[in-house]
Amino acid sequence: MIDTRLLLDDFEETTRKLARKGVDPALVEQARDLAEARRVQVRAVDAARQEMNAGASRVGELMRESRRDEAEALRSELSLLRARLEALEQELRSVEESLDDVTSRLPNLPADDVPDGRSEADNVVLRTLGYDPADYAGRRWEPHWDIAERLGILDAQRAAKLSGTMFALLKGDGARLLRGLTAFALDMHRDSYEEIVPPHVVRGEVIAKTGHLTKFDTQAYRLRDDDLWLIPTGEVALMGMHQGEILAEAQLPVRYMAYTTCWRREAGAAGKETRGMQRLHEFHKVELVKLCKPEDGETEFQSLVADAAKPLEALGLPYRVVELCAGDLTFSAARVYDLEVYSPGVDRWLEVSSISLVTDFQSRRGQIRFRRQGGGVELVHALNGSGLATPRVWAAIVEHGLRSDGTVVLPPALVPYVGVETLRARS
RNA sequence: GGAGAGGUGCGAGAGUGGCCGAAUCGGACUCACUGCUAAUGAGUUGACUUGGGAGACCGGGUCCGGGGGUUCAAAUCCCCCCCUCUCCGCCA
């Protein structure tokens, strides 16, 4: 959530920034009015409580001095005051509820230099690496699902039998390729990120504070008999680790990575772009997250982008870096770069990593803070991004490695991890 | 899953209805002493919120695992939940 102080102290500017993200100014105004109403109500409640507290200690004094009659009289007086106080408190709660309801619909502010724009069409390609259209002319490319089925490393039929559409079942070298990819990515980042194996099932409270469980975000699967949820991304577990904590300045930046399974309901996503490994209810991913001081956010962001790109380069996959325009930014992000890998099989750029600078948006709800050396407590800034999302990278490797004889050559960097140089159909 | 014990500030730990945002010890920070470090002495040291002030700061309110309740008054009494530890059971 955003800082409600911004609504009160810097309303014009905040409205303008949120408008770039497509937020109706009327909603911002509504939030501001409620924030003001809350302050007024807080003052009223505090005044009543002050009176209450003074009266209560006066009763104590009178009792000690054995002035029973006076004490009794004051007690019944305070009894009435208490009723009034409770009414005021009730009103305050109701204002706070409305305020929370409205502010929970306000996204994070975009960073100032994020390009204007309304949709995906206005996103800016910052750089393209390793891609030459000429490389793909003059020969036939196949989508990975066809190649993989032929090689017997992906079995969509049986996955559907077990679990329905948008699930994958990998076999043989396909399974090994997945396992190799994750080990490869984890090794690549081992010096800068601490590897974590978190629980894959978390409390509703934890996931809610990461912003992945709102009225509008119903991606996560819930366990039927418990208030526990399957993580839609490792970010949820990693960001949840320090909720409610005040870290020492010297601990920052915190850099974690985790290889986890991710589960997403992907409601409404059925259809054409879900074939093969493009979009799954269950997939595997190495996630990177950082917590840092506010002033280090942009630097950490750029290095996170570089870190996320490193495996793609090492695997020799053509990719591009896209900066999302203000209107296309995700709800909690101030800045997002997407890494997209070119897929010759479908002739499209597929998002394999989305790197977000979340500033203090998540840490405010999660109360993840740090104490400055000289004193003073502040919210940490948070960043996250995929270090390697396996399904689409798996698919890209299969498509790019395709040779005319139907076999698939693996990138050399991966060979030690998979144990073979070529994926071929089992005879 | 069953039985018991317990959750208090940065840490340890006292407090069982008003004098408690909270003893004491430790840690950290500041100052003094000192060539430096150590030691010693003095002092400071929770978060959030609201009001005043340019600010240093000052006043009010809330918070003793979380949520309800009793009471003029709750860290303290009652109920529910969460967590930790010990023992038993089960188990990869």
Side-chain angles (χ1 to χ4, degrees), chain A residues 1-9 31-100 103 197-209 213 222-223 225-229 237 240-252 254 261 291 294 360-380:
Chain A
M1 64 190 268
I2 66 167
D3 187 356
T4 50
R5 224 175 292 256
L6 287 175
L7 299 167
L8 296 165
D9 299 346
R32 182 204 51 191
D33 292 348
L34 284 165
E36 263 165 15
R38 190 194 75 92
R39 273 199 187 169
V40 170
Q41 198 59 32
V42 163
R43 265 174 258 160
V45 168
D46 283 356
R49 279 207 271 242
Q50 184 174 9
E51 202 182 324
M52 195 76 215
N53 290 343
S57 13
R58 182 69 189 140
V59 171
E61 276 172 46
L62 293 172
M63 305 268 274
R64 249 171 284 131
E65 292 165 16
S66 307
R67 294 154 73 179
R68 288 202 58 92
D69 291 350
E70 287 171 77
E72 279 306 320
L74 187 50
R75 274 175 63 169
S76 33
E77 214 178 291
L78 290 173
S79 194
L80 296 174
L81 176 58
R82 181 178 157 115
R84 211 178 80 213
L85 173 61
E86 270 166 11
L88 288 170
E89 282 174 336
Q90 180 53 49
E91 213 170 312
L92 174 61
R93 267 196 298 276
S94 125
V95 170
E96 280 179 333
E97 230 168 87
S98 313
L99 176 63
D100 193 61
T103 51
V197 178
H200 289 55
V201 170
V202 302
R203 299 168 184 280
E205 189 189 324
V206 170
I207 185 169
K209 284 176 181 167
L213 193 69
R222 182 184 181 166
L223 268 57
D225 295 328
D226 304 276
D227 180 29
L228 291 171
W229 301 69
M241 285 173 64
H242 294 296
Q243 279 176 8
E245 294 181 13
I246 299 179
L247 305 168
E249 182 174 359
Q251 285 176 265
L252 301 176
V254 168
T261 306
L291 302 176
D360 60 8
F361 196 77
Q362 278 178 326
S363 42
R364 178 164 295 106
R365 226 182 250 297
Q367 286 296 292
I368 310 175
R369 295 173 290 174
F370 75 101
R371 194 183 304 276
R372 294 261 184 205
Q373 227 101 63
V377 173
E378 290 175 49
L379 296 166
V380 303

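Letters A, B, ... are given to chains in the order of the sequence lines, protein chains preceding strands, and every chain is numbered from 1.
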Review point. Does A/N53 place a side-chain N or O at less than 4.0 Å from the phosphate oxygens OP1/OP2 of B/U62?
Key: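 A/N53 to B/U62 OP1/OP2: side-chain N or O found under 4.0 Å.
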Point to revise | A/R84 vs A/E51, side chain to side chain contact (heavy atoms under 4.5 Å, CB included): CA-CA, chis, key distance, verdict | key: CA-CA 11 Å; A/R84 211 178 80 213; A/E51 202 182 324; 3.7 Å; yes
Pairwise [atom1] distance, [M] and [N] [rounded to whole Å]:
N     : M     : atom1 : answer
B/G15 : B/G7  : P     : 11 Å
B/C78 : B/A23 : C1'   : 28 Å
B/C79 : B/C85 : P     : 25 Å
B/U44 : B/G26 : C1'   : 16 Å
B/C64 : B/G6  : C1'   : 14 Å
B/A74 : B/G17 : C1'   : 6 Å
B/U50 : B/A12 : C1'   : 34 Å
B/G67 : B/U24 : C1'   : 32 Å

Between [atom2] of [N] and [atom1] of [X], the distance in whole Å:
X      : N     : atom1 : atom2 : result
A/R39  : B/C48 : CZ    : C1'   : 13 Å
A/D227 : B/C83 : CG    : C1'   : 15 Å
A/D9   : B/G51 : CG    : P     : 10 Å
A/E205 : B/C83 : CD    : P     : 10 Å
A/R369 : B/G46 : CZ    : P     : 14 Å
A/L8   : B/U50 : CG    : C1'   : 12 Å
A/L379 : B/C48 : CG    : P     : 9 Å
A/R364 : B/C48 : CZ    : P     : 12 Å

Taking [X] first and then [Y], would you say they form a salt bridge - that is, a charged N and a carboxylate O separated by under 4.0 Å?
X      : Y      : answer
A/R203 : A/E205 : no
A/R93  : A/E89  : no
A/R39  : A/E36  : no
A/R58  : A/E77  : no
A/R369 : A/D360 : no

Review point. 5'-most contact on RNA chain B: A/R43 or A/D46, nearest heavy atom basis?
Key: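 In this pair, the answer is A/R43.
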Review point. On RNA chain B, nearest-nucleotide positions of A/R58 versus A/R49: which is more 5'?
Key: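 That would be A/R58.
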Return the nearest nucleotide to the side chain of [X]; candidates are [options].
X      : options             : value
A/R203 : B/C82, B/U50, B/C10 : B/C82
A/V42  : B/U62, B/C48, B/U50 : B/U50
A/R5   : B/G46, B/G60, B/U50 : B/U50

Practice item. Step by step, work out the side chain to side chain contact (heavy atoms under 4.5 Å, CB included) result for A/Q362 and A/I368. Key: CA-CA 8 Å; A/Q362 278 178 326; A/I368 310 175; over 6 Å; no
Study note, to complete from the structure: Per-nt protein contacts along nucleotides 64-73 of chain B (heavy atom under 4.0 Å; B base, S backbone sugar-phosphate only, - none) come out as ------SBBS
Check your understanding: Please, what dot-bracket string fits RNA chain B when only Watson-Crick and G-U pairs with both distances under 3.5 Å count, crossing ones use [ ] and pairs to another strand use |?
Key -> ((((((((.[[[..)..(.....]]]((((((.......))))))(((((((....))))))).[[[[[..)....]]]]])))))))....
Check your understanding: With a 4.5 Å limit on heavy-atom distance, are the side chains of A/V40 and A/V95 in contact?
Key -> no
Exercise for review: Apply the test side chain to side chain contact (heavy atoms under 4.5 Å, CB included) to residues A/T4 and A/R32: give CA-CA distance (whole Å), side-chain angles for both, the deciding distance (0.1 Å), then the verdict.
Suggested key: CA-CA 8 Å; A/T4 50; A/R32 182 204 51 191; over 6 Å; no
**Study point:** Residue pair A/R38 / A/Q41, side-chain donor-acceptor N/O under 3.5 Å
**Key:** no
Point to revise | Expected output: side-chain A/S76 to main-chain A/E72 donor-acceptor under 3.5 Å | key: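 Confirmed, A/S76 side chain pairs with A/E72 backbone.
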